[in-house]
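Within every chain, numbering begins at 1; the chains are lettered A, B, ... in the order of the sequence lines, protein sequences first and strands thereafter. Owing to the predicted nature of the structure, the values given are computational and were not obtained by experimental measurement.
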2 protein chains.
Amino acid sequence: MSDSDARIQRFAEFLARSGLKTTRQRDRIVRAFFAAGRHVSAEELYHRLQTEDRGIGLVTVYRTLKLLREAGLATGRQFGDTYTRFDPNPADRPHDHLICTRCGKIQEFEDASLHAVREKAARSLGFTVTEHKLELYGFCRECTRLAGGRPVRSGKAARPV
Amino acid sequence: MSDSDARIQRFAEFLARSGLKTTRQRDRIVRAFFAAGRHVSAEELYHRLQTEDRGIGLVTVYRTLKLLREAGLATGRQFGDTYTRFDPNPADRPHDHLICTRCGKIQEFEDASLHAVREKAARSLGFTVTEHKLELYGFCRECTRLAGGRPVRSGKAARPV
DNA sequence: TCCTCATTGAAAATGAATGTCAATTTCTTT
DNA sequence: AAAGAAATTGACATTCATTTTCAATGAGGA
């Protein structure tokens with residue numbers, strides 16, 4: 001059973017447990033989502049789906065992504081642009097991000113020592129931490145070279161708001 | 001000169017440098033912003049200002065907050081609700097956040113070792129990091145006790161999207 | 001199969017944030 | 001101090017992502 005299949009199964013279980021139904025649309029959206037990689041928006045997913053099934057509305061894509069979040073199978077992220085991007089859970093790959101504010105590139109990374117930071121903060125303040133988001137904003141290698149590290153207002157690239 | 005005054009001065013310099021003008025509205029908005037503490041939304045700031053000056057429009061609050069960001073004096077954050085909250089810069093107080101997904105409480109913390117994480121990621125990937133955002137989502141002390149760490153759908157509290 | 005209730009898509013609604021524009025204000029230049 | 005060019009303002013309209021509404025359809029247990 002592929003990685004993706006396992007998650008699709010978990011989603012089916014979530015639906016059953018919640019008294020919800022399995023439909024052609026949900027099935028296709030969920031498959032497309034797990035096949036899509038990372039940082040997809042609802043709109044992007046919707047467009048990909050149009051090639052295989054014209055009868056899937058953008059609204060249903062939004063609804064299904066919301067269910068995926070409730071099932072704990074997806075996380076939404078906002079990187080400084082106006083829309084939400086979605087990532088599959090669980091974090092089988094690094095989940096922290098470097099965002100270039102000049103060209104908009106998003107690079108993933110992971111640092112094990114972050115868990116120490118997380119635990120320490122949680123313990124000292126009595127929190128139970130279930131999830132974290134770390135974003136580093138700045139310039140990627142190319143943009144550091146091109147711009148000498150100085151900001152360029154492009155209007156396109158994500159901003160750290 | 002108070003902390004706040006120094007920033008107000010820096011904003012005035014920014015305006016002059018950019019060929020922009022000082023106005024009663026901008027002045028009041030900026031003062032109110034630095035007096036407001038943290039995590040204020042444009043709307044909240046607007047409401048506070050109504051008590052002292054009815055002639056300040058919400059639109060101008062938005063515009064001035066945008067200028068403050070461009071001046072490097074404010075940062076916008078999205079904690080899983082639909083609007084943007086603003087924090088003053090520079091980070092003279094901790095800038096990382098624990099967000100309770102049950103009651104919506106936001107608690108600040110700081111961990112010096114995060115800088116090591118930041119530098120390490122930046123160095124290994126060639127990034128020049130200028131800013132970071134770290135958010136830990138989970139349950140605060142009270143909610144951990146009350147809910148036994150289990151999620152409660154309140155519809156009000158921030159969600160990790 | 002029947003029957004109930006969830007689901008769907010289209011259109012309308014929402015809500016935060018931004019653009020438009022005529023009237024006003026700032027600030028530099030006489 | 002007065003004038004004039006240019007920026008600023010607020011009310012209104014607009015945009016854009018996302019959500020709600022609603023009538024028609026579909027799923028799936030009895």
Distance-only donor-acceptor hits, side chain of residues 117-124 of chain B, under 3.5 Å, sequence neighbours excluded:
| residue | atom | partner | partner atom | Å |
| --- | --- | --- | --- | --- |
| B:Arg118 | NH1 | B:His132 | ND1 | 2.9 |
| B:Lys120 | NZ | A:Asp111 | OD1 | 3.4 |
| B:Lys120 | NZ | A:Asp111 | OD2 | 3.4 |
| B:Ser124 | OG | B:Lys120 | O | 3.3 |
| B:Ser124 | OG | B:Ala121 | O | 3.2 |

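In this structure A:Arg48 satisfies the side-chain hydrogen bond (donor to acceptor under 3.5 Å, both in side chains) test with no other residue, sequence neighbours excluded. Remark: B:Arg63 engages no residue in a salt bridge (Lys or Arg N to Asp or Glu O under 4.0 Å) (not counting sequence neighbours). For A:Arg31, the side-chain contact (heavy atoms from CB on, under 4.5 Å) partners two or more places apart in sequence, or in a different chain, are A:Asp5, A:Ile8, A:Asp27. For B:Gln50, there are no side-chain hydrogen bond (donor to acceptor under 3.5 Å, both in side chains) partners, not counting sequence neighbours. Looking at residues two or more places apart in sequence or on another chain, you find a side-chain contact (heavy atoms from CB on, under 4.5 Å) between A:His39 and A:Phe79, A:Arg85, A:Asp87, A:His97, A:Ile106, A:Glu108.
A:Glu135 and A:Arg77 are not joined by a salt bridge, as no carboxylate oxygen comes within less than 4.0 angstrom of a charged side-chain nitrogen.
B:Leu58 comes within 4.0 angstrom of nothing in the nucleic acid, heavy atoms only.
For the pair B:Lys66 NZ and D:dT8 C1', the interatomic distance rounds to 15 Å; values are reported in whole Å. D:dG26 atom C1' lies 15 Å from atom CG of A:Asp53, rounded to whole Å.
Near DNA chain C, meaning a heavy atom under 4.0 Å from it, residues 43-52 of chain B has no residue at all.
Of the two residues contacting DNA chain C, namely B:Arg63 and A:Gln25, the nearest-nucleotide position lying further toward the 5' end is that of A:Gln25.
Applying the salt bridge (charged side-chain N to carboxylate O under 4.0 Å, His left out) rule to pairs touching residues 15-24 of chain B yields B:Arg24-B:Asp53, sequence neighbours excluded.
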Using a cut-off of under 3.5 Å, enumerate the N/O to N/O pairs linking the protein to nucleotides 27-30 of chain D.
| residue | atom | partner | partner atom | Å |
| --- | --- | --- | --- | --- |
| D:dA27 | N3 | A:Lys21 | NZ | 3.2 |
| D:dG28 | OP1 | A:Thr22 | N | 3.4 |

